[in-house]
Each structure stands twice: as structure tokens, then as C-alpha cells.
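Naming: A, B, ... by sequence-line order, numbering from 1 per chain. Values below: all heavy atoms of this structure, side chains included; hydrogens, waters and symmetry mates excluded.
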Amino acid sequence: QQQVKQSPQSLIVQKGGISIINCAYENTAFDYFPWYQQFPGKGPALLIAIRPDVSEKKEGRFTISFNKSAKQFSLHIMDSQPGDSATYFCAASKRNAGNMLTFGGGTRLMVKP
Amino acid sequence: NAGVTQTPKFRVLKTGQSMTLLCAQDMNHEYMYWYRQDPGMGLRLIHYSVGEGTTAKGEVPDGYNVSRLKKQNFLLGLESAAPSQTSVYFCASHPARGKLFFGSGTQLSVL
């Protein structure tokens, strides 16, 4: 049973466009929702994270939108650049579970110049 | 500043062979994890450790063993490798309250 479902599996966006990746979770005990970015041959790296007490968090061109009632959250990449081409993972963890994360299946993003 | 270092980076095994993957972190982190990454399935937790001398099972522990004899090292062992264990393995660590740092991965093929 996949507790965090991520879509789409792959995404192609033109340079300057908006990339949107969606995740849905089932466990209402989750209270920390990070996004990780992974370049080929590298380990994932934390990109941005949100807690459920806010509906949106923005860091530069990256924004997380969070909908607690729908149990969904999404990553928006504004003005997408070829350098953003990577695999993106959403994740979730429970309160008092440290950083024991449950990951979504990943989205491979390609930004065309 | 090395961070999280995994060795080896690549390995090919025959079915039934054994091997150990080494993870070393130089950040004095308490928590360490082993994940496997498979296409379309994200990262799945194999085993983890909350401190030196402690280990616990994650989501997919079968066929793997781990040890944390020293705080800076977390070893993942495969006693009898199977083709289903072909994957990319990632080690990660974090301090008591802090973000997760990943190593660069070990690509393992079991023939």
C-alpha cells in the first residue's frame, strides 16, 4: 500500500513554463511534507518543505501548495529552466518519527530549452 | 567536508553471493538510514539506526542485515544476493533535529 502517491511519473515543460507535480497522502498523522530534488548520479537533496499549519510556502521559484482537507500537496516550479531537469520526490513523515520519510514514486522532469 | 560517503559506487554480484555496503558520515549525526530506489517506487526504507549500537527494520528489510558498531558508520549486508535486490542503494543521515543528508548511491546489479 503506497501511502504517498505522486503524479505524473514524467513531465516535459518548455523553458519559462510552470512545472506542477502533485502528491496525495492517506495517513492523517503525517505532519511534515518535504520535496527532494535528485540529479542523475546523485543522492536526493532537500528542496523545500511545509508543515500543515500553512497552505503555501514559497522559496524563490519553488512553491509548495498544501490542501489539508483533500490530503494533497503540490510543487510548482515557476519560470522552469533546463537546470531544473531532475527527478523530484515528495515525501511525508509523522510527528515524533524524526525524519523517517515515506516517499512518493518520483517525477522525472525535463525542461526543454 | 565529505558529508555522507558510500562505498562502493558500483557492484555486480552473482545470485547467492554476499556483500557489504559501507556508509560513513563525518557530521556526527545520530540517525542513519538505508534506502533502496527502484523506478516508479521512490525510495523505500530498508533499515535504520537511531544511534550507535541500535538498528531497526524499515519497510523492506527482508534479505538485508545492518550494523552500527560505530556512530559514523552504518553497514548494509546482503547474505545471499537475489536478482530482486538489483537496485540503487542510498544511505542518509541527520542530527536529532535537522534535515536529511543523502550519499551519492551504490548501483548494485545481481545477475
Side-chain angles (χ1 to χ4, degrees), chain A residues 1-11 21-27 30-51 57 59 62 64 73 75 86-109, chain B residues 1-10 21 23-25 27 29-51 54-61 74 76 87-108:
Chain A
Q1 182 183 5
Q2 196 172 13
Q3 292 196 57
V4 179
K5 295 183 179 179
Q6 183 171 345
S7 63
Q9 286 193 334
S10 62
L11 180 62
I21 304 171
N22 301 299
C23 282
Y25 63 97
E26 299 172 3
N27 192 334
F30 287 147
D31 75 332
Y32 174 68
F33 303 90
W35 285 89
Y36 282 78
Q37 180 187 55
Q38 183 183 29
F39 293 106
K42 303 292 185 182
L46 180 64
L47 183 64
I48 186 172
I50 196 169
R51 292 203 180 269
K57 183 173 181 180
E59 290 185 2
F62 300 91
I64 300 179
F73 58 110
L75 176 69
T87 300
Y88 293 82
F89 293 97
C90 62
S93 68
K94 302 176 193 177
R95 188 181 301 274
N96 299 325
N99 270 349
M100 194 174 306
L101 296 168
T102 299
F103 284 87
T107 297
R108 181 173 287 184
L109 171 66
Chain B
N1 189 3
V4 179
T5 303
Q6 292 183 231
T7 53
K9 295 190 183 302
F10 302 94
L21 307 183
C23 176
Q25 51 95 2
M27 298 173 283
H29 288 172
E30 291 292 332
Y31 296 76
M32 297 188 74
Y33 303 82
W34 275 107
Y35 288 90
R36 60 176 290 172
Q37 181 177 9
D38 303 290
M41 303 188 75
L43 293 103
R44 292 180 293 168
L45 182 64
I46 305 171
H47 286 280
Y48 65 99
S49 169
V50 300
T54 73
T55 64
K57 294 181 180 180
E59 181 185 354
V60 288
F74 195 28
L76 178 71
S87 186
V88 182
Y89 292 85
F90 286 98
C91 177
S93 72
H94 70 86
R97 296 179 67 85
K99 73 175 187 179
L100 198 60
F101 291 85
F102 281 87
S104 58
T106 295
Q107 190 165 323
L108 175 66

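Note: B:L43 leads B:D38, B:V88, B:V50, B:L43 in heavy-atom pairs under 4.5 Å with chain A. Among the candidates A:P34, A:G106, A:G43, A:P44, the residue making the largest number of heavy-atom pairs closer than 4.5 Å to chain B is A:P44.
For the side-chain contact (heavy atoms from CB on, under 4.5 Å) test, no residue two or more places apart in sequence or in another chain qualifies with A:Q9.
B:Y33 and B:H47 are not linked by any side-chain donor-acceptor pair at a separation below 3.5 angstrom, with hydrogens and angles left out of the test.
Of the candidates B:F90, B:Y35, B:Y89, B:I46 forms a side-chain contact (heavy atoms from CB on, under 4.5 Å) with just one, namely B:Y89. Tested against A:L75 for a side-chain contact (heavy atoms from CB on, under 4.5 Å), the candidates A:N22, A:L109, A:T107, A:L47 yield a single pass: A:L47.
Only the side chain of B:Q37 comes within less than 4.5 Å of a heavy atom in chain A; its backbone stays farther off. Using a 4.5 Å cut-off between heavy atoms, B:L45 touches chain A through its side chain atoms alone.
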